[in-house]
Amino acid sequence: MTVFESLAQNDHEQVVFCQDKESGLKAIIAIHNTVLGPSLGGVRMLPYNNEDDALRDVLRLSRGMTYKAAVAGLNLGGGKAVIIGQTCVGKSELLFRAFGRFVEGLGGRYITAEDVGVTVKDMEYVRLETQYVCGISESLRGAGDPSPVTAHGVYVGMKACAHEVWGSDSLRGKKILVQGLGKVGYNLCQHLVNEGADLYICDTDDSRVKLLLRNMPATMVRPEDLFNTPVDIFSPNALGAVINDKTVELITAPIVAGGANNQLEHEDSHGARLKERGILYAPDYVINAGGLINVANELEGYSRDRAIKHAESIYSVIKQIIQTSKDQNISTTEASGRLAEQRINKIGHLSRYYTGRSEYSGRFSFLYNR
Ligand code: NAD
């Protein structure tokens, strides 16, 4: 497939290939859609096997950001960037500043942030060259770690699912298995314990399990017993593809609701299979949108309270998705995709008549003018 064919396949607007000999920078910035606003998405640094893999990854991820921002009610589009390189040897101030200059050159069509393989420190170099960056540290009046807001969103999204299945938001006494006790999972556990849930925990890193057990009551589940433990809610908060052809048949919990990205190995078929099996699945990019909400909030002058309030809207978005899934007899993954597309189409219609592209002048002013 040619590059233009790849772009046309999912309707990407623009892809920028960036190279800088002195720093060794090889990066690709993909802007999927800017109908709702400037594209926002992290930059990840990975030693891709080849350029095709890097391009595929950035196209897939930038498209995902469009849907995530749209469903979260943000005036943002979808974008993403990848830097091809080894994080252990390839990083330097020069490299990230060179990347920052390319971002600046896009004049606000793409706003970058931290992602896999990139740290807050790296983003501070990027920030020396461009204003179009967020996810910087609290000391620089940034949003800092998004995980508590992500976890809050997962918690309220889980309550929306509980309301659907049991007729009440309450998680008191519910057996909830949290897989992954990292930054998101740990914060989520705190909410669940505060509410009186019966917590089950699983992590491949013993130190995370021990840390949690020192601070909260919970039952430890070994990774090999993840799908043999009868629970009311399974909450994946570790890595992607936890739900695949094999595990989709083993889940017995009536609800799957967690913060991990790309929980379904194949979104369409596994989303449909969960529905067939009567399992309510909270689409990952909807329920974990608190991280993006937190970062986007920085663009307006960061307020943790405002970010948390916005993340609470995940409750009603999940309810809406469940309703659409029931009304149209489609999976929740399909319902969330339709919701995102509806919003983009409606606002796209408005922007053709009222706003145009002139809003891209002035620091982030375009975010509030819509
Ligand atoms: P993290 O690296 O802090 O935590 C991940 C945890 O999962 C680690 O403790 C790790 O030991 C554990 N783990 C890895 N493989 C496992 C397995 N097979 N079984 C059990 N435990 C396992 O990451 P995080 O920031 O907490 O993010 C967790 C997930 O949520 C990721 O998929 C991430 O992409 C997604 N996410 C995070 C945020 C955020 O704000 N941090 C926002 C949106 C989505």
Side-chain angles (χ1 to χ4, degrees), residues 40-44 46 57 60-61 64-65 67-69 71-72 74 78 80 87 113-120 123 134-135 137-138 142-158 177-191 199-213 218 220-229 231 234-244 246-247 250 256-265 282-298 302 304 307-308 310-311 314:
L40 188 150
V43 51
R44 56 175 54 177
L46 286 175
D57 205 27
R60 178 180 68 85
L61 294 165
M65 292 307 294
Y67 282 76
K68 190 173 205 161
V71 175
L74 293 163
K80 201 87 183 181
T87 50
E114 186 192 335
D115 201 272
V116 177
V118 175
T119 64
V120 172
M123 294 319 286
C134 55
S137 65
E138 281 162 297
D145 178 13
S147 311
V149 180
T150 305
H152 195 87
V154 175
Y155 168 61
V156 299
M158 198 182 264
L177 171 48
V178 176
Q179 180 206 28
L181 307 171
K183 296 183 290 294
V184 175
Y186 192 95
N187 278 297
L188 175 65
C189 287
Q190 191 69 67
H191 285 290
L199 188 63
Y200 287 67
I201 53 164
C202 174
D203 199 299
T204 43
D205 178 349
D206 279 349
S207 69
R208 297 301 298 179
V209 173
K210 282 188 188 134
L211 176 71
L212 191 134
L213 289 175
M220 189 193 86
V221 172
R222 287 176 308 176
E224 57 273 30
D225 293 329
L226 196 64
F227 295 102
N228 315 325
T229 309
V231 289
F234 172 47
S235 181
N237 295 276
L239 303 178
V242 63
I243 300 174
N244 51 41
K246 185 171 164 222
T247 60
L250 302 177
V256 175
N261 274 319
N262 307 318
Q263 290 168 35
L264 307 182
E265 190 174 37
D284 48 12
Y285 69 86
V286 181
I287 197 169
N288 73 16
L292 176 63
I293 288 170
N294 192 61
V295 163
N297 195 276
E298 193 177 308
Y302 185 66
R304 177 55 62 105
I308 292 279
H310 190 157
I314 289 173

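All ligand and atom numbering here is 1-based and tracks the order in the structure.
Ser235 places a side-chain N or O within donor-acceptor distance of the main-chain N or O of Ala257, the cut-off being under 3.5 Å. Looking at His191, its side chain never comes within 3.5 Å of a backbone N or O of Val154 through a donor-acceptor pair. In this structure a side-chain-to-backbone donor-acceptor pair under 3.5 Å is present from Asn288 to Asp284.
The shortest heavy-atom contact between Val120 and Gly135 is CG2-O, 4.4 Å. The heavy-atom pair separating Gln263 from Pro236 by the smallest distance is OE1-CG, 3.4 Å.
Side-chain contact of Asn294 with Tyr302: a donor-acceptor pair under 3.5 Å is present, judged by distance alone.
Near ligand 1, heavy-atom contacts under 4.0 Å come from Pro146, Ser147, Thr150, Gln179, Gly180, Leu181, Gly182, Lys183, Val184, Cys202, Asp203, Thr204, Asp205, Arg208, Asn237, Ala238, Leu239, Gly259, Ala260, Asn261, Asn288.
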